[in-house]
Amino acid sequence: MLHVTGVKASHKLASNDLNRMAKYKTMIENVGSKLCMDGAVIAALISRESRAGAVLKNGWGDGGNGFGLMQVDKRYHTPVGAWDSETHISQATKILTNMINAIQKKFPKWTKNQQLKGGISAYNAGAGNVQTYNGMDIGTTGNDYANDAVARAQYYKNNGY
């Protein structure tokens with residue numbers, strides 16, 4: 001049980017996953033480089049979605065609907081690659097970039113950072129769920145998905161990703 005909240009809680013959770021995350025670092029860097037995505041953001045989603053694989057059963061989570069480190073939802077996508085592979089991380093990161101692009105089109109006046117955060121929220125709940133900047137986490141898992149993921153990304157950025 002965490003005895004902290006907010007950004008401190010997100011940083012603590014990311015810290016708890018740091019050792020497990022290390023085995024995926026090269027794949028994260030490769031995918032980030034190929035797809036122009038900050039590795040810290042990829043690591044943050046891996047931490048948020050699967051605790052760097054710790055909560056998965058045979059690569060599956062979310063009641064058998066989410067596949068892999070980044071929990072590609074089989075109801076909306078056909079998962080590719082092994083659950084802990086570069087192929088999987090690449091597929092999930094492409095889904096993320098598609099969501100960011102959708103948010104950029106939907107909210108062209110938002111800053112790039114706001115669009116990134118909106119895309120992270122959309123990765124979890126769909127672009128249609130993102131209605132306002134301040135309310136983007138309403139309807140996401142825990143109603144804090146983007147805020148939590150951004151805080152985790154800050155932690156990973158400060159720890160070599």
Side-chain angles (χ1 to χ4, degrees), residues 7 10-11 13-56 59 61-62 65-130 133 136-137 140-142 144-161:
V7 172
S10 297
H11 287 182
L13 291 166
S15 172
N16 290 346
D17 297 337
L18 189 60
N19 287 338
R20 282 186 304 278
M21 194 69 68
K23 67 180 164 182
Y24 308 116
K25 188 173 186 193
T26 299
M27 290 187 280
I28 291 167
E29 290 170 342
N30 289 344
V31 171
S33 177
K34 286 177 193 165
L35 299 178
C36 299
M37 178 57 60
D38 192 324
V41 173
I42 298 170
L45 295 185
I46 290 171
S47 175
R48 172 68 190 226
E49 289 288 344
S50 71
R51 304 303 311 272
V55 300
L56 303 180
D62 189 24
N65 291 313
F67 179 74
L69 293 169
M70 296 176 74
Q71 291 292 278
V72 171
D73 193 317
K74 71 176 185 182
R75 296 169 292 188
Y76 303 98
H77 308 279
T78 301
V80 298
W83 70 269
D84 59 350
S85 68
E86 188 168 323
T87 301
H88 162 72
I89 294 170
S90 182
Q91 178 190 25
T93 303
K94 287 175 185 172
I95 294 167
L96 172 63
T97 58
N98 288 339
M99 291 296 107
I100 294 166
N101 291 336
I103 295 302
Q104 287 171 339
K105 286 182 181 128
K106 189 172 180 178
F107 300 103
K109 293 184 179 180
W110 283 9
T111 67
K112 291 292 181 197
N113 282 340
Q114 288 174 322
Q115 291 168 341
L116 172 63
K117 189 174 179 182
I120 291 169
S121 177
Y123 179 83
N124 178 254
N129 188 70
V130 180
Y133 181 75
M136 74 172 62
D137 268 342
T140 64
T141 303
D144 70 346
Y145 190 89
N147 281 318
D148 179 43
V150 166
R152 290 183 199 222
Q154 291 165 343
Y155 175 86
Y156 286 117
K157 190 63 149 177
N158 290 331
N159 284 276
Y161 286 83

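By convention here, the first residue in the shown sequence is residue 1. This is a predicted model, so every value here is computed, not measured.
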Report yes or no: does [X] contribute a side-chain atom to a donor-acceptor pair with the main-chain N or O of [Y] at less than 3.5 Å?
{"X": "Arg152", "Y": "Leu13", "value": "no"}
{"X": "Asp137", "Y": "Asn147", "value": "yes"}
{"X": "Glu29", "Y": "Gly39", "value": "no"}
{"X": "Lys117", "Y": "Met136", "value": "no"}
{"X": "Lys34", "Y": "Ser90", "value": "no"}
{"X": "Gln154", "Y": "His11", "value": "no"}
{"X": "Thr97", "Y": "Lys94", "value": "yes"}
{"X": "Thr140", "Y": "Asn124", "value": "no"}

| field | Working for salt bridge (charged side-chain N to carboxylate O under 4.0 Å, His left out), residues Asp144 and Arg48 | value | CA-CA 11 Å; Asp144 70 346; Arg48 172 68 190 226; 3.0 Å; yes
Minimum heavy-atom separation for [X] to [Y], with atom names?
{"X": "Lys106", "Y": "Val130", "value": "NZ-O, 2.6 Å"}
{"X": "Ala14", "Y": "Ser47", "value": "CA-OG, 3.9 Å"}
{"X": "Val72", "Y": "Ala92", "value": "CG2-CB, 3.8 Å"}

| said: Can you classify the ring geometry of His88 versus Phe67 as parallel (below 30°), tilted (30 to 60°) or perpendicular (above 60°)? | reply: perpendicular
| message | Testing the 3.5 Å rule here: is there a donor-acceptor pair between the side chains of Gln71 and Tyr123? | response | no
| remark: To the nearest 0.5 Å, atom CH2 of Trp83 lies from atom CE of Met70 at 14.0 Å
| query | Atom CG in Asn30, atom OG1 in Thr93: separation rounded to 0.5 Å? | reply | 11.5 Å
| remark: Which of Leu96, Ile28, Ile89 passes side-chain contact (heavy atoms from CB on, under 4.5 Å) with Leu45? It is Leu96
